[in-house]
There are 2 protein chains.
Amino acid sequence: MHQPEHLKSAGLKSTLPRLKVLDLFENSKERHLSAEDVYKQLLGSGEDVGLATVYRVLTQFEQAGLLVRHHFEGGKSVFELNKGDHHDHIVCLQCGHVEEFYDAAIETRQEKVAAGLGFAIRDHALHIYADCTKKKCPHKR
Amino acid sequence: MHQPEHLKSAGLKSTLPRLKVLDLFENSKERHLSAEDVYKQLLGSGEDVGLATVYRVLTQFEQAGLLVRHHFEGGKSVFELNKGDHHDHIVCLQCGHVEEFYDAAIETRQEKVAAGLGFAIRDHALHIYADCTKKKCPHKR
DNA sequence: ATGCAAATAAGAACGATTATCATTCGCAGC
DNA sequence: GCTGCGAATGATAATCGTTCTTATTTGCAT
């Protein structure tokens with residue numbers, strides 16, 4: 001792993017905390033992590049980063065376009081690697097796992113509706129909160 | 001205005017703060033109000049209610065089905081009178097005004113997508129953040 | 001009117017996040 | 001490879017929205 005280029009092109013110095021956070025997002029099982037998730041996972045790996053630094057780095061990465069921030073219910077911000085695509089989210093009410101999906105029909109309908117009301121869409125968020133219908137929820141929190 | 005019945009049927013005593021909050025939602029220009037909006041408007045009207053009471057009452061009203069709570073970006077909860085219908089929201093990025101809409105096609109597509117992924121929808125929120133395309137944004141903050 | 005459970009107001013407490021600031025680090029220039 | 005300086009960090013205080021605690025007040029059935 002040598003993403004220093006990512007950081008460099010974003011105008012950010014390649015520091016240890018930043019490399020660690022980026023690495024975490026690229027190698028973690030869960031794509032969607034909160035600031036505290038990141039902080040705890042780093043501590044768990046023996047890394048010594050401050051919580052304040054985690055928040056700072058996440059915000060910088062968001063501004064640099066490396067991460068995308070989401071506001072699901074529950075108050076806390078959740079981040080994921082920016083794959084460049086747009087997608088919406090289903091949040092499992094049982095385990096908190098976040099599934100992604102994209103539906104072209106929904107996207108175009110949104111544009112139509114907004115245009116009809118005299119708005120130009122800048123951004124949107126579709127969050128579905130649902131129960132997994134499989135017998136046992138397959139995702140562990 | 002005599003909504004004591006609303007309160008009564010919800011199992012809530014008809015107290016002054018509760019009546020005032022309910023009245024505010026029924027007579028305010030903006031349908032969507034945060035706890036602080038409610039608190040400030042009441043203070044402005046010379047009413048003397050505590051902020052804690054506002055939060056308590058809003059939560060009770062939500063549980064009683066009188067109000068619906070929304071989580072837009074920005075962290076704070078926003079409430080509106082429960083009209084019984086479901087609708088989604090467009091938030092004007094200029095003035096913060098919230099416009100409501102309902103699109104059957106979007107709703108059905110959501111169900112299909114969720115079912116296809118093995119989820120049973122419990123709740124969902126579609127928030128569109130957009131710019132008003134009219135020359136001057138007609139809504140004042 | 002009286003009493004008591006329920007509701008209130010004020011402020012403390014809380015969780016998530018941001019700001020402050022002294023110390024440390026990355027890295028360009030020597 | 002060393003130096004120096006501005007940027008980045010970590011510890012902690014501060015902030016913001018919200019909830020909890022508790023002593024006091026209120027609605028309302030009697």
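Labels below follow one simple rule: chain letters A, B, ... track the order of the sequence lines, proteins then strands, and each chain is numbered from 1.
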Can you tell which of [options] lies closest to the side chain of [X]?
X	options	value
B:Y55	C:dT8, C:dT18, D:dG17	D:dG17
B:L51	D:dT18, D:dG10, C:dA16	D:dT18
A:V57	D:dT18, D:dT9, C:dA10	D:dT9
A:A52	C:dA9, C:dT17, D:dT12	D:dT12

OP1 or OP2 of [N] versus the side-chain N and O atoms of [X]: is any pair under 4.0 Å?
X	N	result
A:R56	C:dT18	no
B:S14	D:dG27	no
A:S34	C:dA16	no
A:R18	D:dA8	yes

Note to self: If you take the centroid of each ring, where Trp contributes its six-membered ring, are B:H89 and B:H32 closer together than 6.0 Å?
What the structure shows: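 Yes, ring centres under 6.0 Å apart.
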Note to self: Quick check: on DNA chain D, is the nucleotide nearest B:G74 upstream (toward 5') of the one nearest A:L16, or the reverse? Name the residue that is more 5'.
What the structure shows: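 The residue mapped nearer the 5' terminus is A:L16.
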Note to self: At 4.0 Å (heavy atoms only), tell me whether A:K13 reaches a base, stays on the sugar-phosphate, or touches nothing.
What the structure shows: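 Base, at least one base heavy atom under 4.0 Å.
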Margin query: Using a 4.0 Å heavy-atom cut-off, does B:T15 contact any base of the nucleic acid, only the sugar-phosphate backbone, or nothing at all?
Written below: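 Contact class for B:T15: sugar-phosphate only.
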Next item on the list: Taking only Lys NZ, Arg NE, NH1 and NH2, and the carboxylate oxygens of Asp or Glu, determine whether A:E100 and A:K83 approach each other closer than 4.0 Å.
Entry: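 Salt bridge flag = yes for A:K83 with A:E100.
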Check: Between A:R69 and A:E80, is the closest basic N to carboxylate O distance under 4.0 Å?
Finding: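 Result for this pair is no, no salt bridge flagged.
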For atom [atom1] of [X] and atom [atom2] of [N], their distance in whole Å:
X	N	atom1	atom2	answer
A:K76	C:dG15	NZ	C1'	8 Å
A:L7	C:dC27	CG	C1'	15 Å
B:K20	C:dA7	NZ	P	16 Å

Note to self: Consider side chain to side chain contact (heavy atoms under 4.5 Å, CB included). Of A:I128, A:L126, A:D103, which one does B:V113 pass it with?
What the structure shows: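 Among the candidates, only A:D103 passes.
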